[in-house]
Amino acid sequence: MSEQQNVYPVRDDFAANAWADQEKYQAMYQQSVDDPEGFWADQAERINWIKKPTKIKHTSFDINNVDIRWFEDGTLNVSANCLDRHLEARGDQPAIIWEGDDPNDSETITYRQLHERTCKLANALKEMGVAKGDVVTLYMPMIPEAAVAMLACARIGAIHSVVFGGFSPDAVAQRVIGADSKLVITADESVRGGKHVPLKDNVDAALTRPGTEVCTKVLVVKRTGGDVEWKDGRDVWYQDAVNHQSTDCAAEEMGAEDPLFILYTSGSTGAPKGLKHTSGGYLTYAAMTHQYVFDYKEGEVYWCTADVGWVTGHSYIIYGPLANGGITLMFEGVPSYPTHGRMGEIVDKHKVSILYTAPTAVRALMAHGDNVMDSSTRESLRLLGSVGEPINPEAWEWFYRVIGNEKCPIVDTWWQTETGGIMIAPLPGATDLKPGSATMPFFGVVPALVDNEGNELKGATDGNLVIMDSWPGQARSIWNDHDRFVQTYFSTYKGMYFTGDGARRDEDGYYWITGRVDDVLNVSGHRMGTAEIESSLVAHEAVAEAAVVGFPHDIKGQGIYIYVTLNDNAEPTDELKKELIKWVRKDIGPIASPDIIQWAPGLPKTRSGKIMRRILRKIAANECDGLGDTSTLADPSVVDDLIEHRAIK
Ligand code: 6R9
């Protein structure tokens, strides 16, 4: 890292009005690690419990007994916490401001209206036979019904599993099967950047796959009115299901440790993992982080640009903001449509105070130059946030200067699907900022850096990022596969949660996330397992073997670089490259689109047959001088061929 890097000290006016200044952060942090029981018992007060918990923390990272429970004897309902309890004080205040893909399309939904819509759908779900503990799959556009569907599930104790609307039919099928899901909620089509995506067709295709018979109902929101096939007895129009329902629906009393949702995410091996999140601890943590990290104040309009298909959408479009009685903006479209000025225009139109987005979006705008923001003033903004991948200092500075008019602190928030909420981030009234650093741990979070043997490293150093003790938002397990949960997160370093990320800690104790140290790619902030893409490719008849690595990409952060060894009878043509790219897009979804395919007559392997990705990563990045030790390769000569034909020189 550069030595002369900028530091942005906390501004006095910010510190004076923030939920936490530096002194308060330090005192609270100290208490949170010295006395987690007392600290989190106090924090649990932010939730309306039906039965208040007396048992606060019961957690073990011991490999023989990984067991994570928070507030376990408490009961609550998450949807009542996000809706009912706000009705008296702010029933007529907006809960959701929805901005459509088309700039002329928007809608404001008050807490009272959101409550009514949620109750109606909850009643409809019950009528369709959905009961407490059932899993409902959501494959939806970014429309208010997506929020309503999540909250309606939570209301009746059903568990939602949201599948990102950009995923393929196979991904939907895999998740329906994996979670034994009886019902899918979808829409006829989604609209993004003026283009329609046939969600219902995709669901139809998904439900022809063997194993999906468990799913017997599909509820379809009419979004565009586009043509859809209809399967009588299975398919139901959303409007027909909800219209006649009552606007009252009692909220089910749930245990703090009852599951709230499953969310699938990629790992370094095998099929995506369905992380299981529960109710009491998750909500406490989502609400608290939303309040402190974004310094959220009553009445402010807050906009998180993520999709509800990702964990960021769960915690920071829906649950955190609504638990806090906030106003959350939900955007259906993309920042580049109809023009690259759209993001700023939305900020002006709805007087957004807090804008939480991803480095890839910032870099994409930055590529169009400073004038890209000329169509807006963004005067309402007071805080910016970043999530999904490391933000490079250049993008940070541009975000600060051009989007934030040099007056808004940026909170760079590091966290994961597995962590449920933000783990390492500045508090804007407490933490001096360094562009590119996620800075300091949130309350109750004890990060550490370890070497490859698991020895804790002290002081300024690089290392593998682990978390030493549990926090309430942590995922409890992998759906139907607790062994895999234990193996993936607790077996690498004994007694610690392993994040899969590398990080550096500087002399001020600031954390700088350096990226994944496992075989997980981060493309535009989306996680993807190299194994998933490889297994898709080898299913193609022309492909004998494939190795996937990330390479530095200006906009996406990482691009997808693929080495393909063809079967003897296949010709290495450009047409075949195009076909393979299409193949992967169709199999996994457009976000997994390969950027570069290189034909590889052979792959560098150890004598035990393991592909040496370290070497492939270097060749893809055009760093061929520092390939390191190649002496353990079974056939070192394959490397020369790969270097000669590398795509980036
Ligand atoms: C919330 C989310 C998690 C992975 C994580 C890390 C990367 C996320 C980051 C960041 C550096 C940040 N990541 N935020 N890296 N700085 N502020 O993104 O969850 O989709 O599960 O991805 O993303 O590599 O391990 P998820």
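Note that these values count all heavy atoms, side chains included, but never hydrogens, waters or copies made by symmetry. Note that this is a predicted model, so its numbers are computed, not measured. First listed ligand is number 1; within each ligand, the first listed atom is number 1.
Annotation: side chain of Gln22 is not in contact with side chain of Val10 (no heavy-atom distance under 4.5 Å).
Within a 6.0 Å sphere centred on NZ of Lys458, other residues, nucleotides and ligands contribute 12 heavy atoms or fewer.
Take Asp518 and apply the salt bridge (Lys or Arg N to Asp or Glu O under 4.0 Å) test, not counting sequence neighbours, and it matches Arg516.
Centroid-to-centroid, the aromatic rings of Phe261 and Tyr282 come within less than 6.0 Å.
Between Phe551 and His553, the ring planes lie perpendicular to each other; the angle is over 60°, past the 30° to 60° tilted range.
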Quiz item: Please walk me through it: do Arg363 and Asn392 pass side chain to side chain contact (heavy atoms under 4.5 Å, CB included)?
Solution: CA-CA 9 Å; Arg363 288 192 300 263; Asn392 47 308; 3.2 Å; yes
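Sorted by chain and number, the heavy-atom contacts of ligand 1 below 4.0 Å come from Val311, Thr312, Val387, Gly388, Glu389, Pro390, Asp412, Thr413, Trp414, Trp415, Gln416, Thr417, Asp501, Ile513, Arg516, Asn522, Arg527.
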